[in-house]
Amino acid sequence: MAQVSTNEIETERYAKCIEASKRIRWDIDGDVIRGRQFDFDKKFLPDGLSKVDELPFLTDGEKKFLSQVQGRTYANMFGLVERFICAKVLEVSHEHFLGDQVALEALVRFSDEELKHQELFRRLDNMAAAQMPA
């Protein structure tokens, strides 16, 4: 019985990532935004996450606005995190430039998804900015 090397196992794991990446492709407009806009008559975050109900001195309108500010802030924070993830994945991919091309493809596909996440969060921020004060 032939022994499987660590490199072969790693390549197989990367190949499964590629397979999933090809199968599960999503589009910002078609799958996420779908022509929708933010409803500024509603809060952007649930109260349990925003904790606005723990601020009894705020009016209902102020609670709604604070929730919207928090929602926009979340989008910006996640967009920033995505930038660091993508940078790290590209750094790790250097190890495979002239070696394991399956690993390289998997990492490039992963970074492509991270770039798409960045674009999504920029788009969400722009959508919110269009109707929120500076």
Side-chain angles (χ1 to χ4, degrees):
M1 180 181 223
Q3 188 171 358
V4 179
S5 73
T6 304
N7 287 344
E8 289 173 317
I9 292 170
E10 187 173 297
T11 298
E12 187 176 308
R13 290 177 60 206
Y14 279 120
K16 288 180 182 179
C17 292
I18 293 169
E19 178 186 324
S21 172
K22 289 178 178 178
R23 190 176 63 249
I24 306 168
R25 294 288 297 169
W26 59 279
D27 177 74
I28 292 172
D29 288 311
D31 298 319
V32 180
I33 296 176
R34 299 189 322 250
R36 296 178 291 181
Q37 297 291 321
F38 285 111
D39 183 351
F40 284 86
D41 291 330
K42 297 181 179 177
K43 295 175 181 177
F44 287 0
L45 297 178
D47 292 345
L49 183 59
S50 73
K51 302 294 186 189
V52 294
D53 283 339
E54 295 182 18
L55 304 171
F57 54 87
L58 294 178
T59 66
D60 287 343
E62 290 168 332
K63 289 178 182 180
K64 177 180 68 176
F65 182 66
L66 179 56
S67 172
Q68 293 167 353
V69 170
Q70 290 172 318
R72 186 174 175 194
T73 302
Y74 269 73
N76 280 287
M77 285 184 351
F78 285 117
L80 179 63
V81 168
E82 293 292 345
R83 292 180 74 174
F84 283 95
I85 292 170
C86 190
K88 186 61 180 178
V89 169
L90 290 174
E91 180 184 310
V92 169
S93 73
H94 288 194
E95 300 169 17
H96 304 287
F97 278 1
L98 300 173
D100 186 344
Q101 295 300 284
V102 173
L104 180 62
E105 180 182 351
L107 292 166
V108 167
R109 286 177 174 276
F110 187 83
S111 64
D112 177 58
E113 287 297 311
E114 297 307 305
L115 289 168
K116 194 166 24 175
H117 294 159
Q118 289 177 42
E119 180 185 350
L120 170 63
F121 290 121
R122 281 192 306 272
R123 298 258 309 269
L124 293 174
D125 180 59
N126 288 336
M127 289 169 63
Q131 297 185 52
M132 292 181 82

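Numbering of residues begins at 1 and proceeds along the displayed sequence.
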K.L.:
Treating T11 as the side-chain partner and N7 as the backbone partner, does any N or O pair qualify as donor plus acceptor under 3.5 Å?
P.N.:
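Yes: the side chain of T11 pairs with the backbone of N7.
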
K.L.:
Tracing side-chain links under 4.5 Å among I, L, V, M, F, W and Y, which residues wind up in one group with V69?
P.N.:
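Members besides V69, by chain and number: W26, I28, V32, I33, F38, F40, F44, L45, L49, F65, Y74, F78, L120, F121, L124, M127, M132.
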
K.L.:
Considering non-hydrogen atoms only, spot the tightest contact between L66 and L58 and give its length.
P.N.:
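Between these two residues, the closest heavy atoms are CD2-CD1, 3.8 Å.
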
K.L.:
Looking at every heavy atom in both R72 and P133, which two are closest together, and how far apart are they?
P.N.:
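So the minimum-distance heavy-atom pair works out to NH1-O, 4.1 Å.
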
K.L.:
Grab the two heavy atoms, one from R34 and one from G30, that are nearest each other, plus how far apart they are.
P.N.:
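The answer is CG-O, 3.1 Å.
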
K.L.:
Any salt bridge linking R25 with E113? Criterion: basic side-chain nitrogen under 4.0 Å from a carboxylate oxygen.
P.N.:
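Result for this pair is yes, salt bridge flagged.
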
K.L.:
Indicate if L104 and V92 have the same hydrophobic cluster label, given that clusters are the connected sets of ILVMFWY residues with side-chain heavy-atom separations under 4.5 angstrom.
P.N.:
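No, L104 and V92 fall in different hydrophobic clusters.
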
K.L.:
Working to the nearest 0.5 angstrom, can you tell me the gap between N126 CG and E119 CD?
P.N.:
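Output value for this atom pair is 10.0 Å.
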
K.L.:
Going from CG on D100 to CD on E8, what distance comes out if it is rounded to the nearest 0.5 angstrom?
P.N.:
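Those atoms lie 10.5 Å apart.
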
K.L.:
Under 4.5 Å between side-chain heavy atoms, hopping through other hydrophobics if needed: is there a path connecting M77 to L80?
P.N.:
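No.
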
K.L.:
From D125 CG over to R122 CZ, what is the distance, rounded to the nearest 0.5 angstrom?
P.N.:
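That separation rounds to 10.5 Å.
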
K.L.:
Same cluster for L107 and I18 if Ile/Leu/Val/Met/Phe/Trp/Tyr side chains link at under 4.5 Å?
P.N.:
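Hydrophobic grouping puts L107 with I18.
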
K.L.:
Applying side chain to side chain contact (heavy atoms under 4.5 Å, CB included), run through K22 and R109 and close with a yes or a no.
P.N.:
CA-CA 9 Å; K22 289 178 178 178; R109 286 177 174 276; 3.2 Å; yes

K.L.:
With rounding to the nearest 0.5 Å, note down the distance linking CG in L115 to CZ in R83.
P.N.:
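If we round to the nearest 0.5 Å, L115:CG and R83:CZ are 10.5 Å apart.
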
K.L.:
Quick one: are Q68 and Q131 in side-chain contact, heavy atoms under 4.5 Å?
P.N.:
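No, their side chains stay 4.5 Å or more apart.
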
K.L.:
Looking only at heavy atoms, which two atoms of V52 and S67 are closest? And how far apart?
P.N.:
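The pair with the smallest heavy-atom distance is CG1-N, 4.2 Å.
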
K.L.:
So, taking the atom named NZ in K116 and the one named CG in D27, what distance separates them when rounded to the nearest 0.5 Å?
P.N.:
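Answer rounded to 0.5 Å: 7.0 Å.
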
K.L.:
Closest heavy-atom contact between L55 and K63?
P.N.:
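That would be O-CE, 3.6 Å.
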
K.L.:
Which hydrophobic side chains are connected to L90, either touching it within the sub-4.5 Å cutoff or through other members that do?
P.N.:
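In the cluster with L90 there is nothing else; it is isolated.
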
K.L.:
Locate the shortest heavy-atom distance separating Q101 from F97; write the atom from each residue and the value.
P.N.:
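Closest approach of Q101 to F97: NE2-O, 3.0 Å.
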
K.L.:
Tell me, do S50 and K43 make a side-chain contact under 4.5 Å, heavy atoms counted?
P.N.:
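Side-chain contact under 4.5 Å: no.
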
K.L.:
Checking side chain to side chain contact (heavy atoms under 4.5 Å, CB included) for the pair K88/E91: CA distance, chi angles, key distance, verdict?
P.N.:
CA-CA 5 Å; K88 186 61 180 178; E91 180 184 310; 2.9 Å; yes

